[in-house]
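Right, one structure below, let's go through it.
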Amino acid sequence: VAMICTFLALKMGKSMTLTFWKYKYDPDNYVLPYLQVRFIASKAIERPHSQAFYDDKISTFASKPVKPVTLKQLVRFGQPPLSNESLQACTHYARTELPVRLARRVRAFQSLPFIVGTNPYIKEIYSLYYDSFESLVKYASPNAAGNDIEFTEKLKDFVERHSDNIPTLARGFLECKQYMNSEDMARFLDDMIQARIGIRLIAEQAIALMHQKDSKTGGYIGIIDTQIKPDQLIKQCADFVGELCEFNYGESPEVIIDGHIDTKFTYVPVHLEYILTELLKNSYRATVEHHKKMGRTTSLPPIQITISQGLEDISIRIRDQGNGISDDDLHKVFEYSYTTVSKAAEDAENDPSNIFRNITEMAMQSGVGGPLAGLGFGLPLARMYARYFGGSLTLVSMWGFGCDVFLKLRHIDDSMAEGLEI
Ligand code: ADP
Ligand code: MG
């Protein structure tokens, strides 16, 4: 069979994988081996139209150095009163810098192992980057066609189209776990996500400043909020996660916010919102699942969130009583794709009175308002966002009781003083 398939593959000019699977087809555990043959287009990732032209462009742009911008500069672009010159400087930076960064992402995808590149989810995100490069590179040269308003419209479309690509990427890599060693995968994802944060910041700052031109924006300088109130943001995120939790489990724990609740500071709110939502989802899930597992009928123990305003940092501690994490698992929780969701779903399936049965299904559907857990990307991503501007995220577990997660964020003014580059 292998010889016939090889002959066919050569005839078709394609490469091929042959896999023997053990196939369980009836409840008596009768195992029937079967052979899977997959013919793969000769290039793992193929582009249909005008490929050579854009491949050339990608090579040119990918070889240009990345021009990091400091956070200070990003704020300076939008310092009120906003002048036309600084607005133009910001758009010019976005026009020239984004194609370079996008070309590098395209190159990174192209260097993935062949079989990984054929995964439909990964292919989808690759195409998204390729298409975005194609659509933005037109605006890169100084005398390029199109004015800044048109460019901003393109940017909006770009940001929108990339908004949900992390769950897709996560699913792709979950499926490719066996084809890539975990360090290479972690390195690829670290680079990818780090670069994605920078790309989005540049694009979103350019869009926000364009709007700031003709409107008053409160404490905002572009996408940076100089008056962020963590207690309000926590409440907002807790409401959202509480609803997800009610929907999934039929109940949700109370949240207590204490400490320096009047704290205000300067930060990128979408980043903080992302981190808080991920941490809360974990704490809510652990609290409810543990409580149910122990068969307790008392009310759920609350999640306590303490805010502290230090001289250099804002710290937020999230304390839950969800049984914590065992020492054996503790080192894995920051790995990409590490999750205990399928295990929980398995346990639940064996329990006839369970209400957790749909966790895995829910988790895989994802999207905003989607799952409480399931992709194993929550903690590694939250930590990456925290570290981006010089902060940190630490998880301490008291196995048998609960977890404390410490989030430390630098005041952006302080991180600006050292000129952190993005
Ligand atoms: P996911 O939530 O999708 O499973 P995460 O990266 O957010 O992925 O978390 C990985 C794993 O770490 C979770 O599946 C869970 O087993 C464990 N975990 C994270 N936070 C907590 C917590 N507060 N209490 C108990 N276990 C936790
Ligand atoms: Mg999570």
Side-chain angles (χ1 to χ4, degrees), residues 164 166-175 177 182 185-186 189-190 193 234 237-238 240-242 244-245 248-249 252-253 255-256 273-294 300-306 316-348 356 358-387 393-407:
D164 206 22
I166 294 290
T168 312
L169 210 57
R171 257 173 255 151
F173 279 99
L174 204 62
E175 288 186 3
K177 251 181 171 173
S182 56
M185 191 187 281
L189 285 168
D190 280 349
I193 293 163
I234 292 167
C237 297
F240 169 68
V241 177
L244 280 185
C245 192
N248 225 12
Y249 300 114
S252 71
V255 164
I256 299 167
E273 195 183 312
Y274 184 86
I275 300 170
L276 290 172
T277 307
E278 286 307 323
L279 297 179
L280 286 171
K281 284 199 287 188
N282 287 349
S283 289
Y284 272 72
R285 173 183 164 223
T287 305
V288 181
E289 286 196 6
H290 178 61
H291 202 73
K292 299 247 178 218
K293 209 166 168 184
M294 303 309 281
L300 291 165
I303 293 168
Q304 188 191 2
I305 304 179
T306 311
I316 299 175
R317 181 188 60 201
I318 302 184
R319 171 168 285 179
D320 67 55
Q321 297 178 35
N323 202 36
I325 301 165
S326 74
D327 286 349
D328 287 348
D329 293 334
L330 201 55
H331 69 280
K332 296 187 222 151
V333 294
F334 284 98
E335 284 174 13
Y336 291 107
S337 306
Y338 173 78
T339 175
T340 47
V341 167
S342 52
K343 191 175 161 292
E346 243 169 57
D347 289 351
F356 304 140
N358 62 353
I359 299 174
T360 318
E361 246 172 55
M362 279 274 307
M364 296 317 279
Q365 278 162 16
S366 177
V368 181
L372 214 55
L375 293 168
F377 267 54
L379 284 177
L381 252 78
R383 188 169 67 176
M384 184 152 319
Y385 273 106
R387 287 177 172 175
L393 191 154
T394 322
L395 184 146
V396 178
S397 158
M398 285 172 77
W399 180 220
F401 185 77
C403 277
D404 275 9
V405 181
F406 297 89
L407 173 66

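Both ligands and their constituent atoms are indexed starting at 1 by order of listing.
Atom 4 (O) of ligand 1 has as its closest protein heavy atom Thr339 OG1, 2.6 Å. In terms of protein heavy-atom proximity, atom 8 (O) of ligand 1 is closest to Gly376 CA, 3.1 Å. Of the protein's non-hydrogen atoms, Ile325 CG1, 3.3 Å is the one closest to atom 26 (N) of ligand 1. For atom 16 (O) of ligand 1, the closest non-hydrogen atom of the protein is Thr340 OG1, 2.4 Å. Nearest protein neighbour of atom 12 (O) of ligand 1, counting heavy atoms only, is Val333 CG1, 3.3 Å. Of the protein's non-hydrogen atoms, Ala286 CB, 3.3 Å is the one closest to atom 24 (N) of ligand 1.
Residue Lys281 does not touch ligand 1, judged by heavy-atom distances below 4.0 Å. Contacts with ligand 1 closer than 4.0 Å are made by no heavy atom of Asn323, backbone or side chain.
Not close to ligand 1: His290, with no non-hydrogen atom less than 4.0 angstrom away. In this structure, Pro380 counts as a contact residue of ligand 1, since one of its heavy atoms falls inside 4.0 Å of the ligand.
Between Val341 and ligand 1, no N or O atom pair is found at a separation short of 3.5 Å. Residue contacts with ligand 1: Glu278 is placed with no nitrogen or oxygen under 3.5 Å of a nitrogen or oxygen of the ligand (distance criterion only).
Distances from the Mg ion (ligand 2) under 2.8 Å pick out these protein N/O/S atoms: Asn282 OD1.
Atoms of ligand 1 lying under 4.0 Å from at least one heavy atom of Cys403, given by number and element, are 22 (C), 23 (N), 24 (N).
Remark: among candidates Tyr338, Tyr284, Phe334, Trp399, the nearest residue to atom 10 (C) of ligand 1 is Tyr338, based on non-hydrogen atoms.
Among Val255, Thr287, Ile256, Asp320, the one residue that satisfies the side-chain contact (heavy atoms from CB on, under 4.5 Å) test with Pro302 is Ile256.
At a cut-off of 3.5 Å, with distance as the only test, a side-chain donor of Asp190 or Tyr336 sits close to an acceptor on the other residue.
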